[in-house]
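Single-structure report; data block below.
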Amino acid sequence: MGSVLTVKNINVYYGAIHAIKGISFDVNKGEIVTLIGANGAGKSTTLHTISGLLRSKTGDIEFLGSSIARTPAHKIVSLGISHVPEGRRIFQGLTVEDNLQMGAFVTKPDRIARNLEYVYEQFPRLKERAKQVAGTLSGGEQQMLAMGRGLMSDPRLLMLDEPSMGLAPILVDQIFEIIHNLHKAGTTILLVEQNAQMALSIADRAYVLETGKIALEGSAEELMGNEQVQKAYLGE
Amino acid sequence: MSLLNSLISGLSLGSVYAIIALGYTMVYGISKMLNFAHGDVIMVGAYVSFLLTNHAGMNAWVSLLIAIATCTVLGIVIERLAYRPLRGTGSLAVLITAIGVSYFLQNAALLLWGADPRMFTSLFKGFKTIHAANGSLTITPESLFTILANIIIMIALTLFVSKTKAGKAMRAVSEDNGAAQLMGINVNQSISLTFAIGSGLAAIAGVLMCSAYPVLMPTTGAMPGIKAFTAAVFGGIGSIPGAMIGGLILGIIEIFSRAYISSELADAIVFACLIIVLLIKPTGLLGKKINEKV
């Protein structure tokens with residue numbers, strides 16, 4: 001159970017706004033780790049910093065033992081980190097299949113067909129709509145496409161940002177079922193969620209973010225039973 | 001028959017606008033900037049071809065290839081030196097820089113090649129003009145080849161962006177730069193490629209245009225540049241078929257105004273049509289409306 005991702009003391013700014021204030025955490029192989037917290041706590045910012053779209057002023061980010069804190073975003077993907085961003089951000093004008101091909105932009109050609117088959121197996125709906133322009137998909141289908149696209153690059157770490165956002169409850173269950181299956185298949189997952197209930201029910205460990213800092217951490221079970229967490233995030 | 005003659009000239013002029021407009025629209029699509037120096041790249045392309053043919057005695061078609069290569073490199077260099085350092089800053093800074101690059105190219109041409117107008121030798125010198133319908137219908141080889149070139153370029157470019165990996169990546173970057181990076185697409189490379197293609201096409205447009213309208217000066221590219229920009233906006237900036245349709249419509253309006261209304265008013269009519277289209281449909285004829293799904 002080696003560490004896949006180690007984040008050490010990162011500080012991220014948007015102009016004058018200090019968004020991330022010295023966060024450290026790690027994700028071990030095969031785990032689902034979840035970052036929960038309110039809107040604006042810095043969850044998405046943390047993911048953006050790991051995937052290289054934002055930079056930390058301090059500290060380091062290590063992936064599989066080497067630093068990626070200065071690696072350009074487009075190279076981090078080929079190292080094995082796949083980031084499924086908040087709001088899906090699929091390429092609306094491209095077909096479903098072209099979107100998946102873009103997800104495999106850095107994947108070796110001989111693995112693309114196999115990965116495509118795997119994604120279609122996980123999301124049969126996408127196969128039915130392969131030639132359809134992605135912008136015409138429903139919200140749930142777009143989320144499936146975003147996740148499928150994220151799987152096309154053979155990720156060793158899959159980062160999911162708010163996969164349940166804006167979806168009907170039945171679709172939320174479906175998406176979490178899929179996350180559970182990916183986990184069983186051995187994928188390491190870093191999950192950001194506002195739906196703390198769902199996130200904690202599926203995760204191994206969790207970190208609670210509050211205004212750019214880690215307020216609490218522990219196993220998902222522990223946090224589920226924590227009074228503070230129950231009050232603030234589980235609505236009990 | 002004069003109507004048909006005008007239509008052919010209009011399509012030919014419109015094809016030049018369409019080829020130039022492609023450069024505007026593709027660059028706008030991918031880097032959300034208006035490259036006002038694009039028109040001057042046309043002029044550079046025409047000068048390179050002119051000097052190689054008339055002063056170095058080179059075959060005109062070979063000179064065209066060298067002009068394309070020169071402009072391709074020029075486009076990449078302009079993006080690298082002038083625009084890339086400003087990426088992420090306000091769009092006003094980039095716009096002003098683009099205007100600066102435009103003046104720089106015009107004045108560099110003035111310095112290098114002088115202000116005297118040069119008579120450009122047509123690329124199609126050896127070809128015969130087609131006369132049909134008892135001589136009342138005339139098709140010049142310039143018109144014919146310009147229209148053909150436009151059709152070929154449009155087909156090739158459409159195939160490129162819809163079938164190739166690099167072309168799809170370009171569309172992905174155009175849609176969502178950040179998400180494209182998360183796919184492992186090198187955005188800088190994609191933008192360079194777009195500038196390269198747009199500028200290479202500008203060289204072709206320059207040579208075609210100067211073959212039909214043979215006066216070449218350092219300011220030659222400015223007006224067609226503005227017109228092609230208008231065409232791109234007319235068709236819906238960011239859209240490749242929009243640039244094609246916008247260019248052709250603009251060329252036809254211009255020639256018809258010239259033939260049937262007034263040659264002095266032709267440009268005014270062209271721009272008035274742009275204003276009307278934008279009032280009715282602000283995104284242009286084929287402009288993408290942005291709809292977000294939750």
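Note that these values count all heavy atoms, side chains included, but never hydrogens, waters or copies made by symmetry. Convention: sequence-line order gives letters A, B, ...; per-chain numbering from 1.
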* Contacting region of Leu53(A) [heavy-atom separation from chain B under 4.5 Å] ->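 For Leu53(A), side-chain heavy atoms alone lie under 4.5 Å from chain B.
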
* To do: Can you tell which part of Ile90(A) gets under 4.5 Å to a heavy atom of chain B, answering side chain, backbone, both or neither?
  =>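 Looking at Ile90(A), just its backbone touches chain B.
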
[atom1]/[X]: more than 12 non-hydrogen atoms of other groups inside 6.0 Å:
{"X": "Leu279(B)", "atom1": "CG", "result": "yes"}
{"X": "Arg80(B)", "atom1": "CZ", "result": "no"}
{"X": "Lys127(A)", "atom1": "NZ", "result": "no"}
{"X": "Phe160(B)", "atom1": "CZ", "result": "yes"}
{"X": "Tyr103(B)", "atom1": "OH", "result": "no"}

* Structure fact -> The single option from Arg149(A), Arg89(A), His83(A) that satisfies side-chain contact (heavy atoms from CB on, under 4.5 Å) with Leu182(B) is His83(A)

* Mind checking whether Phe91(A) and Met183(B) have side chains closer than 4.5 Å, heavy atoms only? ->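 Side-chain contact under 4.5 Å: yes.
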
* Would you mind reporting whether Leu94(A) and Glu175(B) have side-chain heavy atoms less than 4.5 Å apart? =>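 Of all side-chain heavy-atom pairs linking Leu94(A) with Glu175(B), at least one is under 4.5 Å.
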
* **Ile185(B)/His74(A) under side chain to side chain contact (heavy atoms under 4.5 Å, CB included): CA gap, chis, key distance, verdict** => CA-CA 6 Å; Ile185(B) 297 169; His74(A) 69 268; 5.8 Å; no

* How would you list, in number order, the residues of residues 102-119 of chain A that have a heavy atom less than 4.5 Å from chain B? ->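 Within residues 102-119 of chain A, near chain B: Met102(A), Gly103(A), Phe105(A), Val106(A).
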
* In Å, rounded to the nearest 0.5 Å, how long is the span from CD of Gln181(B) to NZ of Lys75(A)? -> 12.5 Å

* Asked: How many angstroms lie between CZ in Arg171(B) and CG in Asp98(A), if you round to the nearest 0.5 Å?
  ->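 Here the rounded value is 6.5 Å.
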
* Option in Gly150(A), Ser153(A), Gly93(A), Gly52(A) with maximal non-hydrogen atom pairs under 4.5 Å from chain B ->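 Max contact count across the listed options: Gly93(A).
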
* With side chain to side chain contact (heavy atoms under 4.5 Å, CB included) as the test, would you mind laying out the steps for Gln101(A) and Lys165(B) before giving the verdict? => CA-CA 8 Å; Gln101(A) 297 283 0; Lys165(B) 192 176 169 189; over 6 Å; no

